[in-house]
Structure formats: structure tokens, C-alpha cells
**Q** 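Sending over a structure as C-alpha cells; questions will come in a sec.
Atoms considered below: every heavy atom in the structure, side chains included; atoms not considered: hydrogens, waters and symmetry mates. A quick note: this is a predicted structure, and the numbers were derived from the prediction, not measured. A, B, ... follow the sequence lines: proteins, then strands. Residue 1 opens every chain.
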Amino acid sequence: MLEIIADIKRDYIKRIVESGKRLDGRGPDDYREIKIERDLYKTAEGSALVSIGGTQVIAGVKMILGEPFPDMPNQGVLTTSAELIPMASPTFEAGPPKPPAIEVARVVDRGIRESGAIDTEKLCIVEGEKVWVVFLDLHVLDYDGNLFDASTLASISALLSAKMPKLEDDRVIYDERKDPLPVKEKPISTTYAKIGGTVVLDPSLEEEQVLDARLTLATVESGDLCAMQKGGSGAFTKEEVLNTIDRGIEKAKELRKLLKV
Amino acid sequence: MLEIIADIKRDYIKRIVESGKRLDGRGPDDYREIKIERDLYKTAEGSALVSIGGTQVIAGVKMILGEPFPDMPNQGVLTTSAELIPMASPTFEAGPPKPPAIEVARVVDRGIRESGAIDTEKLCIVEGEKVWVVFLDLHVLDYDGNLFDASTLASISALLSAKMPKLEDDRVIYDERKDPLPVKEKPISTTYAKIGGTVVLDPSLEEEQVLDARLTLATVESGDLCAMQKGGSGAFTKEEVLNTIDRGIEKAKELRKLLKV
Amino acid sequence: MLEIIADIKRDYIKRIVESGKRLDGRGPDDYREIKIERDLYKTAEGSALVSIGGTQVIAGVKMILGEPFPDMPNQGVLTTSAELIPMASPTFEAGPPKPPAIEVARVVDRGIRESGAIDTEKLCIVEGEKVWVVFLDLHVLDYDGNLFDASTLASISALLSAKMPKLEDDRVIYDERKDPLPVKEKPISTTYAKIGGTVVLDPSLEEEQVLDARLTLATVESGDLCAMQKGGSGAFTKEEVLNTIDRGIEKAKELRKLLKV
Amino acid sequence: MKKEGVKLIENGKRLDGRGLDELRPIKMEIGVLKRADGSAYVEWGENKIMAACYGPREVHPRHVEEPDRAIVRVRYNMAPFSVPDRKRPGPDRRSVEISKVTKEALEPVVLTHLFPRTVVDIFIEVLQANAGTRCAGITAAALAMADAGIPMRDLVASCAAGKIDGKVALDLMGLEDNYGEADLPVALAPNKKQVTLLQMDGNFTRAEFEEAFEKALGGCLKVYEMQKKTIRKKYEV
Amino acid sequence: MKKEGVKLIENGKRLDGRGLDELRPIKMEIGVLKRADGSAYVEWGENKIMAACYGPREVHPRHVEEPDRAIVRVRYNMAPFSVPDRKRPGPDRRSVEISKVTKEALEPVVLTHLFPRTVVDIFIEVLQANAGTRCAGITAAALAMADAGIPMRDLVASCAAGKIDGKVALDLMGLEDNYGEADLPVALAPNKKQVTLLQMDGNFTRAEFEEAFEKALGGCLKVYEMQKKTIRKKYEV
Amino acid sequence: MKKEGVKLIENGKRLDGRGLDELRPIKMEIGVLKRADGSAYVEWGENKIMAACYGPREVHPRHVEEPDRAIVRVRYNMAPFSVPDRKRPGPDRRSVEISKVTKEALEPVVLTHLFPRTVVDIFIEVLQANAGTRCAGITAAALAMADAGIPMRDLVASCAAGKIDGKVALDLMGLEDNYGEADLPVALAPNKKQVTLLQMDGNFTRAEFEEAFEKALGGCLKVYEMQKKTIRKKYEV
């Protein structure tokens with residue numbers, strides 16, 4: 001019985017989307033309302049709470065001293081993690097990160113890393129020995145669809161708000177922060193869902209539950225692409241991919257304006 | 001059917017306790033028989049096997065060299081763990097410690113730590129670099145109620161029996177032990193169970209299974225309190241708390257005498 | 001129903017074996033076809049793929065720099081692991097190694113270690129500080145019975161094929177390998193299954209499923225024994241043990257010839 | 001845990017200007033999450049805590065359900081960025097213990113017999129921590145449960161008292177907790193004056209304990225008033 | 001991830017002598033394991049990959065089964081000796097992600113509605129790695145599924161393109177992946193030209209992306225021809 | 001494992017004064033735990049071992065039960081303080097292997113077909129270790145099973161023999177195990193002379209093996225006599 005209802009709902013959402021409309025009245029290239037709050041938590045070097053519609057994601061930045069990777073002796077280290085805590089959805093479970101959490105963390109990480117968002121060379125303290133390790137922790141409070149874009153937006157906002165703690169004889173003084181974290185690029189992620197034959201921006205939870213395939217792209221300020229990820233058990237045609245990318249590159253320009261505050 | 005029997009048994013125990021008696025004939029402020037055996041295991045720096053009625057707990061003390069915590073550079077380190085091994089009860093399962101084991105370890109640890117039982121400054125070898133790390137391991141062999149008191153009694157007895165291994169050029173010689181571990185306080189834990197409207201000392205397993213709430217307090221020789229922990233799905237009134245504390249402070253004096261051998 | 005079939009099959013196999021024959025036509029002291037391929041993977045210091053009948057096991061050797069054990073300051077370290085990956089059998093599950101995988105790794109390890117197969121003193125770089133750590137990883141691709149012999153054969157073949165990576169100022173250059181790993185003994189494992197009253201060599205999967213008990217012995221070139229392991233829920237008589245050992249010592253001589261290529 | 005050498009009271013005032021019987025500023029809000037059945041956000045001094053409640057709902061795994069009542073589960077968790085030294089994700093022993101005592105602080109007010117074979121799941125997330133997170137968490141959780149409409153015989157309010165510079169004081173903040181001499185977190189179901197949480201560490205004489213206990217219970221009552229106001233505000237139109 | 005300073009193209013040739021549009025040498029074999037329902041072994045340049053398929057079979061644990069279709073599960077795993085720096089056994093975050101995208105690359109062609117309440121389990125073992133293991137793994141897995149007789153509406157072939165020394169190139173090998181500027185692994189179900197895998201990292205202009213995408217799709221088609229030949233060979237007698 | 005340079009036999013006597021064929025002193029007691037269905041405590045030289053048996057009882061998790069017989073499970077565990085270098089709690093590879101061979105040493109005597117769909121759980125705790133814990137553990141476990149009234153066709157007794165200073169010796173203690181040349185733990189179901197445990201490591205010629213094997217079997221028979229006496233004592237009034 002539950003399954004029949006699910007089937008009916010699936011058909012209903014598909015029909016609406018294919019007719020060019022959406023359940024919540026948006027157009028195919030509209031985001032739900034986006035809010036960004038910066039620097040909310042004193043215990044973090046930087047933080048941001050981003051909501052896209054009902055989805056709420058916190059990104060927190062913490063910095064510690066550590067060693068560089070042997071093959072990059074003069075560069076700081078970025079470590080990105082995501083927790084889909086059970087608070088955020090009846091379907092999330094406590095425990096070590098499961099594949100969806102790992103995918104979100106890795107796609108966000110890729111966008112930041114491949115765009116060169118952080119000037120990691122400026123995080124080197126003693127070459128080959130001591131560098132800043134930046135922990136970027138994504139904490140999903142409320143899950144109502146499109147974690148990728150909310151997480152990337154929260155991450156770059158948190159990085160932009162971050163101040164580096166003072167260093168005194170190899171001791172980190174977290175109470176005294178001054179210099180901003182060196183951020184030199186602002187990757188923006190846009191996520192599209194293919195539902196039936198139609199591709200729409202920013203899928204809500206209900207849309208995610210019926211989508212055939214998902215495409216996330218991350219772009220830098222020049223409009224170049226720095227990361228991409230297809231998801232879902234369906235497929236795209238070549239034309240859909242190319243068309244979606246054009247839409248995403250345009251949309252990212254709009255979104256990037258939200259970062260200037 | 002099983003549940004009906006359980007309900008009947010619950011009512012029966014409650015009625016007995018509320019009438020001022022107990023299943024095994026004890027009074028409300030009586031412990032079951034307590035036995036303490038000290039220094040049983042040569043492989044440990046100190047050890048004790050304590051039984052309270054059918055409950056049997058071993059505490060073992062092991063010492064290794066380690067680093068101090070950065071905020072306490074001149075003090076040794078105490079680490080308390082408890083294992084409720086499946087040998088001890090049909091309801092205990094193998095695997096990493098579950099909440100009840102963690103609670104026992106933390107409450108015992110709190111009693112020892114907050115009372116200043118171990119003179120941790122005397123465990124410092126080189127300030128900021130090298131200190132003794134004391135592992136206090138609780139091994140519950142037979143679980144017949146009131147793990148808190150048996151565990152604290154076993155712990156302090158094991159600490160009192162412990163001899164420090166010899167140190168030779170940074171090598172620990174476990175075969176040669178001489179100086180006693182510096183113990184300067186003897187915390188005693190007393191645990192009460194509220195069953196119906198009555199509060200009784202040293203709950204047996206059957207009493208634990210029907211108790212509404214539990215109160216454990218740890219006191220030092222002066223009679224001051226150093227740790228406290230309420231447990232169970234019920235509640236105490238303010239008066240019950242104050243009254244129980246008075247009883248516990250008195251009872252601890254009796255119990256402390258068992259440590260002098 | 002399934003169980004009845006299983007019972008019938010069990011009886012059938014037992015009857016065949018007790019009549020001196022085997023399901024696949026072999027005699028009681030015959031191995032299935034054995035194939036050894038050496039040095040298959042460039043990323044490994046040494047490797048071998050061994051098949052015995054349908055069983056396929058890869059052994060891979062990797063070497064890193066590490067510290068010696070405190071009680072053996074002038075010797076390199078050997079670490080043996082086995083993974084029964086779910087590819088190899090419908091009954092294998094992903095996850096940390098379970099008892100059968102741990103047993104295989106430990107029995108293989110014992111054969112190599114106790115025979116002194118690796119000249120671990122030659123793996124010492126700086127006494128007490130720096131030695132070569134040899135990882136021997138067993139990767140079971142296809143499980144058709146008798147993992148012990150296939151794994152030992154793969155291991156010793158991989159060790160014999162291994163070349164040590166170049167060491168340059170404490171950096172390991174994996175691209176440049178020259179000197180062979182110092183191997184000074186070649187342990188050979190032979191495994192027998194007791195089925196009903198009969199003991200046969202090299203049990204196939206079907207035979208393993210019905211065996212009463214298993215005996216694995218490892219011998220060195222002189223014919224001496226270096227490791228032994230009984231398995232299975234049944235038992236051997238004293239005479240069966242002694243008789244099986246005589247058979248195994250003989251058979252090992254044959255098998256050892258396969259290593260000379 | 002406790003250290004000497006820092007003066008915590010000067011001219012009768014504490015480091016943050018409070019008197020001995022004063023609570024830190026507290027803000028409460030409910031219905032702040034979309035997916036959860038109930039939720040609450042509490043700022044308590046520099047603590048920032050989110051709580052959510054799901055249920056009564058089906059129990060997974062099935063074998064832990066109870067045939068005659070609902071079970072209550074609590075997960076207290078600290079975000080990695082909620083403390084100066086980043087906390088590794090996942091439960092440590094401290095949060096396992098706090099989860100357990102929090103559950104036992106909340107369970108006494110839940111009418112569990114009304115909905116057997118179900119679970120009430122409570123999630124507490126510490127987003128910024130500064131001493132007293134368990135009291136703030138219990139307080140937020142009780143609001144989230146009320147917001148979710150869980151049948152309860154009472155609310156639960158929580159507050160701690162402690163000892164600093166030899167004096168009993170209400171509601172210790174971070175520095176006071178680090179350098180103080182004792183801490184006593186309490187939770188109260190106010191209607192029948194039931195003490196549902198009671199923990200203590202440090203050093204109290206019998207008399208000091210009673211003074212601190214009274215103070216903490218008084219704090220609970222103040223917190224309770226704020227909780228009621230917060231819930232009422234939701235139903236004002 | 002990407003570094004400067006190594007010349008990857010000289011006189012129009014790559015370090016291993018290939019032109020920009022050339023695949024590495026590829027060998028394929030099916031039916032190589034006894035126990036698995038289907039299996040395939042693929043050598044792709046210096047990659048050596050084994051894939052196995054079990055199913056459709058009963059689902060364990062039971063509660064993840066679907067009443068109206070089969071589920072597809074993928075485990076991508078690297079042998080400890082498959083990389084110069086030994087890989088610790090067990091899944092890391094990279095292999096969890098690759099398992100997930102591989103599953104999503106293969107699932108679109110499986111006729112899952114034909115066998116509800118079952119699972120198709122796919123296991124990919126990397127025995128020697130040298131860039132491109134996910135594409136080789138998907139290619140091998142599709143062969144193993146075909147070998148197992150899983151009802152499929154199409155095969156899946158996979159290939160990557162990337163950017164080295166500023167130029168778009170097909171099928172990057174290890175050094176090119178380390179020192180190149182971008183990588184774009186793609187999987188294609190060739191019959192209906194469906195793109196079932198698409199990932200990217202590095203830097204592409206819009207035009208470069210399109211060129212790389214076309215190149216990768218072309219590579220998929222070549223791989224697809226080899227797959228068909230491999231399957232056909234099995235049925236030749 | 002084995003080292004040179006320590007003299008283990010002087011004037012025909014071993015370091016602890018024993019002859020080559022002598023067992024260490026052994027004490028046995030049964031019925032020492034309240035909760036377990038059966039229990040035994042064994043001191044064997046400097047080994048101190050507790051064993052408990054629960055069952056036959058319901059199997060959890062359910063899916064491992066057998067429709068036609070009981071299963072036997074064994075958990076061998078070392079207390080953290082049972083060895084000079086503290087053992088981290090939880091199973092390591094050594095204790096997993098010992099658990100497995102111990103199970104296979106005990107299972108042959110259990111009449112498992114009498115109580116299908118149940119489990120016999122055996123727990124062995126090493127409280128102080130000094131070589132030979134697996135033999136002492138098996139011996140204690142058999143007593144605990146008898147104490148629990150598990151239907152058995154026989155007892156199981158266990159003992160090891162080894163090689164020190166080139167000579168075969170019964171029942172090696174710690175130093176002998178560290179510096180000796182071989183060890184051969186054996187378990188015997190005495191009635192039908194069934195060998196249910198057999199492990200070996202070190203170096204034995206064929207002849208030495210046979211000598212050690214005979215010695216170990218002889219040790220088992222002595223241990224068996226003590227077991228019987230211990231059980232009988234329980235029923236003497």
C-alpha cells in the first residue's frame with residue numbers, strides 16, 4: 001500500500017516537472033531561498049550556517065599544527081569531513097560516515113582543492129616539517145534536499161570568514177585570531193536533477209526521492225569547471241550534460257554574488 | 001507470560017522492600033558479605049578481587065611510561081576502563097564497552113580523581129616529557145548487582161597494594177617492584193536504590209532489575225563528598241537525596257575500615 | 001529439504017572417500033593441478049599467484065621502513081595478513097578479517113617464521129632503530145578448498161621472487177629494486193582431511209564441507225617439522241596423526257620441486 | 001580537573017560580572033528544524049545547542065523494542081568545531097555517559113506506557129560549548145519533546161551549581177568550571193519536584209552540598225519559567 | 001593533486017609513445033573464476049583488475065531488499081600490494097566513493113524489475129594500479145555481469161580523458177594523472193548513448209570540457225567493441 | 001620467537017626444579033561463579049584461569065543457529081593486567097585463533113545433536129599468564145561445561161610438550177617457552193583417545209615430534225585424573 005502511494009507520488013512529481021512546473025512553484029532554474037550566516041561559533045576559526053529551503057548545513061573550520069605530506073613539503077593540508085547526523089533526517093543513522101556522507105565530503109573537497117581555493121603554500125610554517133592542517137567539518141542539521149550546493153556554499157563561506165589562530169613557540173593560541181585564512185578562489189557548486197526527461201536546478205527532498213540522475217558541477221570565477229559528479233541510478237544523454245553545464249556556469253555567477261557581503 | 005511473571009516479581013520485591021525488609025533478609029542499610037583479596041596477580045603492579053554478595057570484580061593496576069597532558073605537565077596520568085565481560089552475566093555481550101561499562105568506569109574514575117587519591121605529581125619523571133601512566137582495569141567476573149561499590153572498593157584496594165616497577169634508563173623492569181604507588185586518599189562509594197518509596201543500600205541484582213532510581217556517592221576520609229551519580233529511569237525527591245547522602249556518609253566510615261589490613 | 005540433500009551429499013562423499021576414491025577421481029595422496037605464476041605485479045616487491053584446482057591465492061610482498069621490536073633490535077619484521085574477499089566465495093563477507101582468515105594468516109606466518117625462511121637479521125638497517133618491515137598479504141581470489149597449502153605456496157613463491165627496493169637517505173625508491181630478499185629456507189605446507197575413517201590430501205571445497213578434522217603440517221628442506229595445526233570439529237587418533245605426518249613429510253619433497261624454476 | 005591560582009570572584013562579582021546566584025543569559029526557540037518531529041535551539045551563555053526529537057516511531061533494530069512501553073534513546077554529540085581543540089567526530093566516553101544520564105533525566109516524565117513498541121529518539125548537538133552543555137542539552141531536549149507533542153507528565157529543566165573560590169555559585173561558565181572546586185548538575189521535573197539528574201564531582205562538605213543543591217534546584221525553576229514562556233509563544237497568534 | 005614541471009608531451013607523443021587520442025593496450029578475459037557466477041579479468045595499460053559478479057541472489061541483511069526490484073551492490077577494493085605505498089586493507093573514503101559511482105554507472109543497464117527481492121553483487125579487485133582503475137573496473141564489472149547472465153538492456157563501457165600540458169588527451173596513465181591538469185572519467189551505455197558515469201576534477205574551460213567529453217565517449221565506444229569481442233569469443237567453439 | 005643463550009636445563013633439572021616429565025603444580029575448582037551455568041578456576045603453575053559456560057541457550061543472532069544441532073562458541077580473552085606489558089582490551093589475532101582452536105578442541109565431545117537450535121557459550125578469562133594458557137583454558141572450560149551439565153560423551157584434558165636445550169620436555173613455563181625451540185599443545189578426549197587439539201611451532205625432527213607427542217598425551221591423562229577428582233569432590237557431601 002505504501003509502495004502504491006509512493007508510485008503515485010513519483011508519477012505526480014514527474015508529470016509536474018515535465019510540464020515545466022515544480023511542486024513548490026519554482027521554475028526549472030530557480031533555487032529555493034538561500035540564507036548564509038557567517039562566523040557563528042567562537043570556538044571555530046571560521047564557520048557558516050547555510051540554508052537552502054529547508055536544508056541547513058553548518059561548515060566549521062578548525063586549524064591545528066601538523067606535518068605536510070611528503071610529496072608536498074611546502075603546503076598546508078586540508079581535510080574535509082561530513083556528518084549526516086540523525087537529527088537531520090529520519091533516514092540518517094548514527095555511526096561512521098556512510099557512502100552518501102563520504103560522497104558529499106569528497107565532492108566538496110574536490111571543488112575546494114581543484115579550484116585552488118586555499119593558498120596552501122601560505123599555510124606552510126617550516127618546509128617539510130610543520131604546516132597548518134585545516135579541518136573543514138560539514139554538519140548537516142536539516143536535510144531537505146541538495147546537500148551538495150548547501151555544503152559547498154557553507155564551506156567557502158566558512159573559509160572566507162576564518163581567521164588564523166596565533167602561533168607562539170609552537171603553541172596554538174585559539175583565543176587570539178588575527179590574519180584571515182588565505183583564500184584565493186571561490187568555487188561554486190550547482191546541482192541539477194533529471195526527472196523524467198527534464199533537468200531542474202536545486203532538487204528538493206521530494207524531487208531527490210524520484211530523480212533519475214543528478215549532476216553537480218563546480219565552477220570558478222572565470223567560469224571554468226573544476227569538479228563534476230554524476231549521481232543516481234539513471235543516466236544523462238550527451239546533450240543533457242552539455243546543456244546542464246551551460247546552465248550551471250550561468251547560475252554560478254548569480255550565486256557567487258551571495259558571497260560578497 | 002514471562003512479562004506477567006516479571007510484573008508479579010516486581011510487585012513482590014517492591015512490597016517487601018516497602019515493608020522495611022528485603023528478599024535476602026537484610027536491613028535497608030546492610031551490605032551483603034564483602035570480601036577483599038589483594039595482590040593476587042604477579043603480572044600486575046597491584047590488584048584486588050572484591051566480592052559483594054555474588055558480585056565479583058577484579059581491579060588490576062598496570063603502569064607504563066608515557067607523556068603528560070599538555071595542561072598538566074608535571075602530573076602522571078590515570079586511565080580507568082571497565083569490561084563487563086560476557087562471563088559475568090547472560091546479558092553482557094562481547095565487544096567494545098557499552099554505556100553501562102563506560103558509566104561504571106567513569107564514576108569510579110571520578111571518585112579516584114576528584115578525591116586526589118593518587119598523588120599524581122609523584123608520578124612525574126621529567127616535567128612535560130615523561131610520566132607514569134597508570135592503567136586501572138576493572139574486570140567484572142560475576143554480576144549480581146551493585147557494580148559501582150564493588151568496583152570502587154576493588155580499585156582503591158588495588159591501588160593501595162600497587163608497587164611501582166623499577167625504571168632503568170627509560171626501560172621499565174616489571175620483575176622488580178619496590179616503592180608503593182603514592183596513594184593519599186581513600187574514596188569510598190556507597191550506592192542506594194530507590195524501590196517504590198523506599199531507599200535501600202547495596203541493591204542486589206534482583207533489586208536492581210526493579211529499582212526506580214539509583215544514587216551513588218563517593219566520600220573521602222573527612223566525610224566530604226567527591227563524586228555523585230544518579231541513575232535509573234525514575235527520580236528522587238530533594239529530601240530523599242539529602243537523607244540518602246547522610247546515610248552514605250555514615251556507611252562509608254564503616255566500609256573504610258575494611259581497607260585497613 | 002536443503003538439509004536432506006546436504007545430508008545425502010555428505011554421506012555420498014564419505015562413502016566414496018572411504019572406498020579409497022574421490023569425487024574428482026584423485027587418489028588419497030594426490031594434489032589437484034598446481035600452478036605457480038611469479039612476479040606478476042610491478043607495484044609489489046614480490047608476488048605470486050598460486051592455483052590448486054579451483055582455488056586461487058595471490059601473495060604480495062611489500063616492504064617499508066620501520067622500527068624493530070624492542071626484544072629483537074637487530075631483526076627485520078614480518079607481518080602476514082590474509083583477506084578472504086567476498087569475490088572468492090558466496091560465503092565470504094566484506095569487513096575485518098574473521099577467524100578463518102586470521103587462522104590462515106597465522107598458520108602461514110608460523111610456517112615462515114618458525115622455519116627461519118627470511119633471514120631477518122639482514123633486514124636490519126640501524127640496530128634498535130630502523131629495519132625493513134615485510135608485509136606479506138594473502139589475497140584469496142577463488143576459494144575451492146585447501147587455502148592453507150595454496151597460501152603457503154604463494155607466500156614462499158612471492159618471497160623468493162621479491163627484490164628489495166633501493167634505499168636513498170632514508171627514502172625508499174620503489175621504482176628501483178635490485179637485491180633479492182634474503183630467503184634461506186622454504187617451508188612447505190601439506191594439508192590432510194579426515195573424512196569418516198579416511199585421511200586424504202588436499203581437500204577440495206566439497207570435501208572440506210564434510211570433513212571431520214583437518215591437519216596441516218609445515219616442513220623444511222631437511223624434513224623437520226616447523227608448524228602444525230589441527231582444525232575441524234572432529235578428532236584424530238594418535239596413529240592417524242603419526243601416519244599423516246609421515247605422508248606429509250614425503251609429499252612435501254615433491255611439492256618443494258615446484259619452487260625450483 | 002580543578003586547578004588553583006586563578007581568582008574567580010572579585011568584589012562579590014564573577015569574571016563575567018554575574019553575582020553568585022545569577023544565571024548566564026539564556027535564549028530559547030522551538031520548531032527550528034523542518035524534518036524533525038520537534039526541535040529546539042538554546043543559547044545559554046556561550047553554549048549553543050540544537051535538540052531534535054523524533055517519535056514515537058517504530059524501533060530499529062526491532063529486538064530492542066519493549067512490549068509494554070516506549071523506549072527513550074538519547075544521543076548527545078559535540079560538533080567537531082564546538083570546542084577550541086577540534087573534537088574528532090563520533091562518540092567518546094564522555095558523550096556516551098552524558099547520553100545515558102540525559103536519557104535517565106528525561107525518561108521519568110515521558111508517558112511511555114501510552115505507546116508501546118515505539119521509540120522516542122532525542123538528538124542533542126552541541127555547536128559551541130562553554131561548560132554546562134549537559135544542562136542546556138536536557139533543557140533543549142525537553143522543549144523539543146514538547147514541540148514534537150510527546151505525551152509527558154511534566155517538563156524537565158536543568159541547571160548546575162558549583163563551588164568557586166570556596167563559595168557556592170550558580171551555573172558555572174567555562175573558566176569557572178576549569179578552575180573551580182566542584183560542579184553539581186541537576187535536572188528537575190518541576191511539578192512534583194522530582195530530581196531526575198544528579199551528578200557531582202569535586203569537593204563539597206555536606207553543608208556546601210546542600211547549599212549548592214538548593215541553588216541548582218532554584219536555577220532549574222527559573223529555566224522552567226523560560227521553557228514555559230517559549231512554548232506558550234509558539235501557540236500565540 | 002596536480003603538479004607542474006614535468007613535460008608530458010614531446011613532439012606530439014606522450015611519455016609512453018602514444019598519440020593524444022590513443023588508448024593504452026587493453027586485454028580482456030571472462031569466466032576466469034570458478035566460484036563467482038560471472039567474472040572478468042582486464043589488463044589496461046599497467047592496471048590489472050579482477051571483477052566478479054554474484055546474483056541475482058537472496059539479500060543479506062534482509063531489510064535492505066526492495067519489494068519491486070533487485071538491488072545492485074558494488075565493492076571496489078585495492079589489494080595491499082597494488083600500489084607502491086602499501087594500502088592498508090579495508091575500505092578508505094576513496095574506495096567507498098568509487099564503489100558508489102561504479103554502482104550508479106552499472107545499475108542503469110540492469111533489468112532490476114525482473115527479479116525483485118534479490119541482489120546483484122559486484123566485486124572489483126585492483127591487483128595493480130596505474131591511473132584509470134575505476135574505468136577499467138566498470139568495464140570489467142560489465143563483462144562479469146554479462147558472464148553471469150544478469151539480464152541487462154545494454155553493456156557499460158568506460159574510459160577517461162584528461163588534460164596534459166594544456167592539451168586534451170585520451171586515457172591518462174599514472175604519470176599523466178599525477179602531473180596533468182584535469183581528468184574526466186566517463187561511462188557509457190552504448191546502445192542508447194547513455195552517460196552513466198561522469199566525474200571530473202582539475203581545470204577545464206567549457207570548450208576543453210566538450211572536447212574531452214567527446215574524446216572519452218569515443219574511448220568508451222572502442223572499449224565497447226573489445227567487450228563485445230571478448231563475450232563473443234566465449235561462445236565460439 | 002625462540003632465542004639462544006639461556007641455559008634451561010642444569011643437572012637434569014629445569015629452572016623451576018622440575019624434571020623433564022614433570023607437570024607444574026595444578027589446582028582446580030568448580031562452581032566458582034554465581035551467574036554462569038557452570039564455572040571453573042584453574043591455577044597451573046603461574047597461570048590463573050577462569051572459565052564459564054552458559055547453555056544450552058537460545059542463539060543470538062538468530063541466523064547462526066543450526067536446525068539439527070547446538071553450536072559451540074568460545075571466547076578466549078586475556079585481562080589487561082594478565083601480562084607484564086598491559087594488553088589492550090578486546091580480541092587480537094592471537095586470541096581469535098586460540099578461541100577457534102579451543103572451540104574445535106571442545107566441540108568433539110559435546111552431544112550437540114541432543115539440543116538443536118541452541119548454543120553452548122564458553123568464556124575463558126586469563127587473569128595471569130605464564131605460557132600454556134590455551135591448555136589450561138581448555139582444561140578449565142571442560143570442567144565448566146561439566147559443571148553446567150552440558151551433555152558430553154567425554155571430558156577434554158589438555159597439556160603441551162616442547163623442546164628446550166635440545167631435549168623434549170613436558171609443559172613448558174614462560175621462560176622455557178621464550179627460549180625453547182619448539183612447543184606442541186595437545187588436547188585429548190581420554191575415553192576414546194581422541195586428539196582434539198594439535199598445534200606446533202618451532203623445530204622438531206620426526207622422532208622428536210613423536211616423543212613430544214607421547215609426552216603431551218601422557219600429560220593430558222594426568223590432567224584428566226585431576227579433572228575427575230575435582231568433579232567428584234563437588235558431589236561428595
Side-chain angles (χ1 to χ4, degrees), chain A residues 2-4 6-7 70-72 75 79-82 96-107 109-111 113-116 185 194 212-220 222-242 244-246 248-250, chain E residues 1-3 66-69 71-74 85 91-101 103-110 112 116 154 156 178 181-189 192-210 212-214 216-217 220:
Chain A
L2 271 172
E3 287 144 31
I4 295 172
D7 277 351
D71 55 339
M72 291 166 140
Q75 297 192 29
T79 297
T80 307
S81 306
K98 292 176 187 59
I102 288 172
E103 187 183 26
V104 167
R106 284 183 61 86
V107 170
D109 187 273
R110 218 173 283 149
R113 194 178 298 274
E114 300 294 332
S115 69
E185 179 59 83
K194 177 174 171 183
D212 297 297
R214 197 193 64 225
L215 189 64
T216 297
L217 49 147
T219 56
V220 292
S222 66
D224 287 359
L225 295 155
C226 65
M228 214 174 289
Q229 183 92 339
K230 177 257 174 186
S233 297
F236 288 99
T237 63
K238 189 174 86 177
E239 293 68 33
E240 283 168 346
V241 169
L242 293 172
T244 301
I245 283 169
D246 289 334
I249 291 172
E250 274 316 297
Chain E
M1 232 180 219
K2 312 301 173 192
K3 278 199 218 161
E66 294 287 347
D68 59 341
R69 57 183 181 84
I71 61 171
V72 176
R73 287 192 298 214
V74 172
D85 292 303
D92 56 10
R93 288 157 39 119
R94 177 180 167 276
S95 56
V96 169
E97 188 200 353
I98 295 183
S99 296
K100 183 173 190 293
V101 297
K103 167 193 145 48
E104 293 170 339
L106 296 167
E107 203 173 3
V109 303
V110 181
T112 55
D154 202 348
V156 177
N178 288 343
E181 294 118 73
D183 193 30
L184 172 74
V186 167
L188 183 73
K192 300 218 167 157
K193 301 257 177 285
Q194 295 200 294
V195 178
T196 67
L197 173 87
L198 182 63
Q199 293 187 287
M200 192 222 118
D201 65 280
N203 182 282
F204 274 135
T205 64
R206 169 66 177 77
E208 285 167 347
F209 169 78
E210 188 159 348
F213 190 35
E214 293 283 4
L217 292 171
C220 291

**Q** Is it the side chain or the backbone of A:Leu217 that comes within 4.5 Å of chain E heavy atoms, both, or neither?
**A** neither
**Q** Which bit of A:Leu242 is near chain E, if near means a heavy-atom gap under 4.5 Å: side chain, backbone, both or neither?
**A** both
**Q** Go through the atoms of E:Glu214 and report whether side chain, backbone, both or neither lie under 4.5 Å from a heavy atom of chain A.
**A** side chain
**Q** Got a sec, which residues hit ring pair (Phe, Tyr, Trp, His ring centres under 6.0 Å) with A:Phe236, two or more places apart in sequence or on another chain?
**A** none
**Q** Would you mind checking which part of E:Leu217 comes under 4.5 Å of any heavy atom in chain A, side chain (CB onward), backbone (N, CA, C, O), both or neither?
**A** side chain
**Q** Between A:Leu225 and chain E, which part of the residue has a heavy atom less than 4.5 Å away: side chain, backbone, both or neither?
**A** both
**Q** Going through the distances and angles, do A:Thr79 and A:Asp109 end up as a side chain to side chain contact (heavy atoms under 4.5 Å, CB included)?
**A** CA-CA 8 Å; A:Thr79 297; A:Asp109 187 273; over 6 Å; no
**Q** Stepwise, does the side chain to side chain contact (heavy atoms under 4.5 Å, CB included) test hold for A:Met228 with E:Phe209?
**A** CA-CA 11 Å; A:Met228 214 174 289; E:Phe209 169 78; 3.5 Å; yes
**Q** Below 4.5 Å from any heavy atom of chain A, which atoms of E:Lys193 appear? Answer side chain, backbone, both or neither.
**A** backbone
**Q** Name the member of A:Leu215, A:Val241, A:Thr237 that forms the most heavy-atom pairs with chain E at distances under 4.5 Å.
**A** A:Val241
**Q** Does NZ in A:Lys98 sit with more than 12 non-hydrogen atoms of other residues, nucleotides or ligands closer than 6.0 Å?
**A** yes
**Q** Quick test of your reading of the model: are E:Glu107 and E:Lys103 salt-bridged, counting only N-O distances below 4.0 Å?
**A** yes
**Q** A:Gln229 and A:Arg110: side-chain donor and acceptor closer than 3.5 Å?
**A** yes
**Q** Relative to chain A, which of E:Gln194, E:Lys100, E:Arg93 shows the most heavy atom pairs under 4.5 Å?
**A** E:Arg93
